[in-house]
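These numbers come from the heavy atoms of this one structure, side chains and all, not from hydrogens, waters or symmetry mates. Positions are given from 1, in the same order as the sequence printed here.
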Amino acid sequence: MPGSFEETAEAICAGCGGKCCHEAHPPLSPARIEEFRARGVPPSVIEFVGYTRMKSHDNGMCIMCSGGKCRVHAFKPETCVAGPFTFEVQDHTLRLFLKHEAICPLVPYLKEDADAYSSQFRMAVRSLMALVLSIPPHELDVINRIPEPETELVAEIPITSREGKTP
């Protein structure tokens, strides 16, 4: 296995084949949509079905997944950056959940390596907090109703706006 966390995560993800990309429909922040535009990603990969999200192929696989790999990996959606962490918002609190190994083969590695877990957790919090603060409340309500089976609650973090106030 390669040395750094990033290299290890890349190797694990490369061998997975995109389990997390199936039926995922990651929400997209306005900033991510702009990043897509700036990098030449066609608007046709985005849809609005209760919230702004990535489209999927007829088989349920994310439209940006090809051959088990993400075609926009370097600037993927915030929930994808969060990796095996997922979320819901409840009472101005960001509730973070860790997916089970059946969904993400990176989880056992994270559970064995406290530094790697901490690094990925911090990245997930930054990414998901930015997403939550940037999308309209009605879209967040739709996202909150999406079931997230095979996860365990790992943190609850108060949501504060960029100005330090609770939204």
Side-chain angles (χ1 to χ4, degrees), residues 5-6 9-10 12-90 93-107 110 117 119-155 157 159 167:
F5 166 67
E6 290 78 13
E10 288 286 331
I12 291 170
C13 291
C16 166
K19 286 182 187 178
C20 63
C21 300
H22 190 260
E23 299 297 338
H25 303 292
L28 298 170
S29 69
R32 191 64 64 195
I33 293 168
E34 283 304 313
E35 175 101 14
F36 281 4
R37 285 186 186 130
R39 293 181 178 249
V41 176
S44 61
V45 304
I46 300 169
E47 66 183 357
F48 183 87
V49 181
Y51 64 99
T52 306
R53 67 189 201 178
M54 297 297 299
K55 285 185 178 178
S56 290
H57 292 289
D58 290 341
N59 67 0
M61 191 61 78
C62 176
I63 199 162
M64 298 312 292
C65 185
S66 178
K69 295 184 181 180
C70 181
R71 295 185 304 164
V72 293
H73 183 76
F75 50 98
K76 61 190 173 186
E78 292 87 353
T79 54
C80 303
V81 170
F85 292 95
T86 188
F87 78 100
E88 70 181 17
V89 173
Q90 188 176 73
T93 301
L94 179 66
R95 300 181 77 221
L96 268 74
F97 297 83
L98 182 63
K99 297 174 184 177
H100 290 174
E101 181 179 346
I103 298 171
C104 181
L106 185 59
V107 171
L110 292 176
Y117 182 97
S119 175
Q120 184 62 33
F121 178 82
R122 285 190 311 272
M123 188 177 352
V125 170
R126 279 191 309 272
S127 182
L128 295 174
M129 193 67 76
L131 174 68
V132 165
L133 289 171
S134 72
I135 57 177
H138 65 279
E139 291 189 32
L140 190 55
D141 289 342
V142 173
I143 294 165
N144 276 333
R145 290 193 299 270
I146 299 170
E148 289 283 0
E150 300 187 65
T151 62
E152 63 183 90
L153 179 65
V154 294
I157 302 165
I159 297 172

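- The two residues Pro26 and Thr79 make their nearest non-hydrogen contact at CB-OG1, 3.2 Å.
- Residues that satisfy the salt bridge (charged side-chain N to carboxylate O under 4.0 Å, His left out) test with Arg39, not counting sequence neighbours, are Glu35.
- Taken from CZ in Phe87 to CD1 in Ile146, the straight-line distance is 8.0 Å, to the nearest 0.5 Å.
- The shortest distance between side-chain heavy atoms of Cys104 and Cys20 does not fall below 4.5 Å.
- Within the 4.5 Å cutoff, no side-chain heavy atoms of Phe121 are placed close to those of Leu110.
- Here the shortest heavy-atom pairing between Pro27 and Leu131 reads CG-CD2, 3.8 Å.
- For Val45, the side-chain contact (heavy atoms from CB on, under 4.5 Å) partners are Val41, Pro42, Met54, Ile63, Met64, not counting sequence neighbours.
- Applying the ring pair (Phe, Tyr, Trp, His ring centres under 6.0 Å) test to every pair with at least one member in residues 21-66, sequence neighbours left out, gives these pairs: Phe36-Phe75.
- With sequence neighbours excluded, the residues that form a side-chain contact (heavy atoms from CB on, under 4.5 Å) with Asn144 are Glu88, Val89, Leu140.
- A search for salt bridge (charged side-chain N to carboxylate O under 4.0 Å, His left out) contacts involving Glu47 returns Arg53, not counting sequence neighbours.
- For residues 64-81, every residue pair satisfying the salt bridge (Lys or Arg N to Asp or Glu O under 4.0 Å) rule, not counting sequence neighbours, is listed here: Arg32-Glu78.
- Interatomic distance, CD1 of Ile33 versus OG1 of Thr52, reported as 5.0 Å (0.5 Å rounding).
- Considering only residues two or more places apart in sequence or on other chains, Tyr117 meets the ring pair (Phe, Tyr, Trp, His ring centres under 6.0 Å) condition with Phe85.
- Closest non-hydrogen pair, Ser29 versus Ile135, comes out as CA-CG2, 4.2 Å.
- Separation of atoms CG (Leu133) and CG (Leu94) is listed at 9.0 Å; rounding is to 0.5 Å.
- Listed by first and then second residue, the salt bridge (Lys or Arg N to Asp or Glu O under 4.0 Å) pairs involving residues 126-135 amount to none (not counting sequence neighbours).
- Remark: Leu153 CG to Phe97 CZ distance equals 5.0 Å, nearest 0.5 Å.
- To the nearest 0.5 Å, atoms CD1 (Ile157) and CZ (Arg95) are separated by 11.5 Å.
- Residues satisfying the side-chain hydrogen bond (donor to acceptor under 3.5 Å, both in side chains) criterion with Glu34, sequence neighbours excluded, are Arg37.
- Every side-chain hydrogen bond (donor to acceptor under 3.5 Å, both in side chains) that Glu148 has, sequence neighbours left out, goes to Thr86.
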